[in-house]
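All ligand and atom numbering here is 1-based and tracks the order in the structure. Basis for what follows: all heavy atoms, side chains included, without hydrogens, waters or symmetry-related copies.
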Amino acid sequence: MKTDNPAFGNFIDKMTELISSAKLEAEIVAEGKCLLAELVSNQSWLPENYRQSSSQSYQQFLLYCDPEERFSVVSFVWGPHQTSSIHNHTVWGLVGMLEGVETCDEFELKDGMPRYSGVSHQLLPGQVDAVSPAIGDWHRIKNDTDAASISIHVYGANIGKVRRIRLGEGNCLEDFVSGYSNQADL
Ligand code: FE
């Protein structure tokens with residue numbers, strides 16, 4: 001996506017500065033949350049082609065990848081009642097709610113398997129959540145509503161290329177690489 005869009009370009013500039021100067025993941029997460037909250041406080045900046053849901057599954061459109069792959073920004077679009085697998089990230093991640101409502105079920109590893117922690121929380125427009133191996137890396141995201149939802153995710157890598165783990169069919173852990181829904185256009 002073009003970074004000459006003022007709100008998005010400003011966010012990318014500030015994230016790039018942050019990534020270049022911060023020494024600790026905790027600094028990136030704390031400051032990145034504020035930057036992302038500002039970005040999702042208004043939703044007019046996101047073009048229509050990055051807002052399209054699919055009846056097949058939730059969509060993940062790459063909006064920007066840092067040239068050194070230190071961070072990436074992805075628009076996730078969930079159709080009504082679509083859900084993710086139970087999965088991890090392996091790097092820090094921020095989730096900013098742009099439109100609609102999503103529910104996050106938190107999981108923790110026990111004996112090598114992700115188990116539901118008993119904690120779930122809702123994300124409403126303007127709110128920002130964080131994940132990472134240091135603060136809790138396993139979750140499942142659901143859109144439990146009858147309307148589409150859109151959230152903007154920022155990760156500490158080119159997330160579409162990262163080898164991760166999810167709970168697959170038959171309750172077995174499996175490696176996966178998510179790629180992007182707009183892979184063909186990149
Ligand atoms: Fe996730």
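Of all N, O or S atoms in His87, the one lying closest to the Fe ion (ligand 1) is NE2.
Seen from the Fe ion (ligand 1), atom NE2 on His139 and atom NE2 on His89 lie at an angle near 90° (rounded to 10 degrees).
Ring geometry, Phe76 versus Tyr58: the interplanar angle falls under 30°, so the pair is classed parallel (tilted spans 30 to 60°).
Metal site remark for the Fe ion (ligand 1): His153 contributes no N, O or S atom at a distance under 2.8 Å.
Side-chain contact annotation: Asp146 with His81, donor-acceptor N/O pair under 3.5 Å present. Counted by atom type alone, His121 and Asp129 present one or more donor-acceptor pairs between their side chains at under 3.5 Å.
Of the listed residues (Tyr64, Phe11, Tyr155), just one forms a ring pair (Phe, Tyr, Trp, His ring centres under 6.0 Å) with Phe71, and that residue is Tyr64.
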